[in-house]
Protein chains: 2
Amino acid sequence: MAKDITRERIVAAALELLDEEGMDALTVRALAARLDVRAPTLYWHVHNKQELLDEMATAVMRQVTDALAGIPAGADWREDLAAYARVLRAEYLSRRDGARIFSGTRLADPQVIRMKEPLLERWVTASGWTPVEADDAIDLVTAFVVGFVIEEQEKRQSAESDPERYSVAEREAWLGEGTPLVKEAGRLRDDGDPRFERHLGIVLDGLGARSA
Amino acid sequence: MAKDITRERIVAAALELLDEEGMDALTVRALAARLDVRAPTLYWHVHNKQELLDEMATAVMRQVTDALAGIPAGADWREDLAAYARVLRAEYLSRRDGARIFSGTRLADPQVIRMKEPLLERWVTASGWTPVEADDAIDLVTAFVVGFVIEEQEKRQSAESDPERYSVAEREAWLGEGTPLVKEAGRLRDDGDPRFERHLGIVLDGLGARSA
DNA sequence: ACCTGAACACCGTTCAAGT
DNA sequence: ACCTGAACACCGTTCAAGT
């Protein structure tokens with residue numbers, strides 16, 4: 001009997017399962033159980049697990065384009081790029097290991113690439129950028145966000161599983177003697193939004209310096 | 001009888017296997033076979049597979065510190081940071097999926113963190129940076145390199161498995177109508193070293209703008 | 001058209017038994 | 001101290017069989 005299983009429902013359930021249990025627990029059997037169905041059923045709707053993972057990545061990136069479409073055009077390229085960076089980070093952060101799992105995945109959906117067009121157009125006409133400069137700007141910010149969030153999520157999850165390793169005292173004992181500056185930097189180190197905004201600002205400064 | 005299996009030999013063989021066959025083929029049994037031994041033997045030397053993966057990540061990062069130690073101090077922070085970025089990229093590139101697999105992994109070895117000290121010291125004394133600025137600089141460059149190489153390796157591997165998708169004509173058909181700037185950027189797009197150096201330069205410009 | 005039970009080859013890991 | 005055979009619970013995937 002039909003149970004109304006669709007690709008979309010499978011992908012949505014897979015993302016939920018990933019968030020709740022992690023990548024290792026995302027098995028075809030567990031996913032089927034969550035949809036109240038046996039494992040082979042899923043192969044009627046999806047060719048194999050890799051295709052499912054690709055669909056998940058596409059769904060995540062589509063959320064980025066949707067969020068981006070809901071944001072009004074900024075006053076200049078800097079505002080546009082900052083908005084893009086924040087949306088991308090928020091989306092990666094919203095899923096367990098989001099940045100590591102979903103970055104750089106071959107995209108199954110041209111729509112995701114096409115989202116670049118309105119941004120490129122604005123910067124080429126209003127800011128006098130070449131298409132290459134505009135494309136560089138998106139890719140460079142993307143690379144920065146991916147690297148930043150990978151480290152951010154890794155640290156957050158290590159702090160959960162191993163809290164004392166991240167106390168200042170434990171860390172300094174672990175580092176041993178002779179690294180005063182590393183320790184001082186560790187004590188002054190911030191994280192989360194302020195750190196992201198600061199680093200993002202530096203990247204955007206670099207892009208601005210190039211145009212000038 | 002003893003077969004002279006050591007943690008070091010296991011980790012080295014695991015890295016070879018990863019490069020040759022990829023992550024999915026890196027199984028305990030296949031690794032044991034490569035070392036001419038049965039699977040349970042490895043559990044005498046390593047607690048479990050996760051510990052092996054951690055050791056692999058540490059070995060990769062140790063290569064970075066070793067390479068870095070072999071490089072003379074640059075004339076200023078910019079040269080030092082560029083050298084660091086190139087070493088990190090080269091090391092990630094040298095292993096299959098290196099950036100995705102080995103970035104942001106909790107490091108089992110304090111030595112890797114301690115490598116920061118000489119760099120921080122030079123920049124704080126010679127360039128007048130605060131420890132936070134110096135620490136930011138390393139982390140920001142690290143994030144950029146990670147994001148850059150993840151995309152670089154992903155694209156390289158997609159191009160191997162699906163060559164026609166990466167021809168200009170195929171790509172433009174796939175994108176459909178109405179994205180002239182995305183297409184133009186795609187035609188002009190470079191890759192490899194020149195692209196890396198250009199993007200790295202922008203990041204370093206940003207760090208320089210902050211100091212001034 | 002859609003779902004299932006049974007089966008296949010494989011996985012990480014444990015453990016008693018060998019040397 | 002170091003290695004192995006046998007076994008366990010589990011995995012992705014296939015396929016004939018059900019409705």
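Chain letters run A, B, ... following the sequence lines, proteins first and then strands; every chain starts at 1. Quick note: numbers below take in every heavy atom, side chains included, and nothing from hydrogens, waters or symmetry partners.
Here the C1' atom of nucleotide D:dG12 and the CD1 atom of A:Ile10 are 15 Å apart, to the nearest Å. Note: CG (A:Leu52) to P (D:dC11) measures 15 Å, nearest angstrom. Between A:Asp24 atom CG and C:dT13 atom C1' there is a gap of 14 Å when expressed in whole angstrom units. At whole-Å resolution of the value, CG in A:Asn48 and P in C:dA9 are 20 Å apart. In this structure, CG of B:Leu31 is placed 14 Å from C1' of C:dC11, rounded to the nearest angstrom. Counting to the nearest Å, the P atom of D:dC10 and the CD atom of A:Glu21 are 14 Å from each other. When rounded to the nearest whole Å, the span between CG of A:Leu42 and P of C:dG5 equals 14 Å. Atom-to-atom, CD of A:Gln50 to P of D:dC11 comes out at 18 Å; the value is rounded to the nearest Å.
Toward the 5' end of DNA chain D, the nearer of the two residues A:Ala25 and A:His47, judged by each one's closest nucleotide, is A:Ala25. If you find the closest nucleotide of DNA chain C to B:Ala30 and to A:Trp44, the one lying nearer the 5' end belongs to A:Trp44. Heavy-atom nearest nucleotides on DNA chain D were determined for B:Arg38 and for A:Leu26, and the one closer to the 5' end corresponds to B:Arg38.
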(message) With side chain to side chain donor-acceptor pair (under 3.5 Å) as the criterion, how do B:Arg114 and B:Thr65 come out once you've worked through the C-alpha distance, each side chain's angles and the decisive distance to 0.1 Å?
(response) CA-CA 9 Å; B:Arg114 291 166 62 96; B:Thr65 66; over 6 Å; no
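Heavy atoms of B:Thr27 sit under 4.0 angstrom from primed sugar atoms or phosphate atoms, though from no base atom. Backbone-only contact: B:Asp4 has heavy atoms under 4.0 Å from sugar-phosphate atoms and none from a base.
Residues A:Leu204 and A:Leu207 are in side-chain contact: their nearest non-hydrogen atoms beyond the backbone lie under 4.5 Å apart.
Taking the charged nitrogens against the carboxylate oxygens, B:Arg7 and B:Glu51 do have a contact shorter than 4.0 Å, which makes a salt bridge. Using a 4.0 Å cut-off between charged nitrogen and carboxylate oxygen, B:Glu160 and B:Arg156 do not count as a salt-bridge pair. With salt bridges taken as basic N to acidic carboxylate O contacts below 4.0 Å, one links A:Arg95 and A:Asp19.
Neither OP1 nor OP2 of D:dC2 sits under 4.0 Å from any side-chain N or O of B:Thr41. The side chain of B:His45 contributes an N or O atom lying less than 4.0 Å from OP1 or OP2 of D:dC3. Applying the 4.0 Å criterion to OP1 and OP2 of D:dC3, one finds that B:Lys3 has every side-chain N and O outside that range.
Closest to the A:Ile5 side chain, of the nucleotides D:dC3, C:dT13, C:dC3, is C:dC3.
With hydrogens and angles ignored, a donor-acceptor pair closer than 3.5 Å exists between the side chain of B:Arg29 and the base of C:dG12.
The partner of C:dG18 is D:dC2, judged by Watson-Crick or G-U wobble contacts that both fall below 3.5 Å. Base pairing analysis places C:dG12 opposite D:dC8; the two distances defining the Watson-Crick or G-U wobble pair are each below 3.5 Å.
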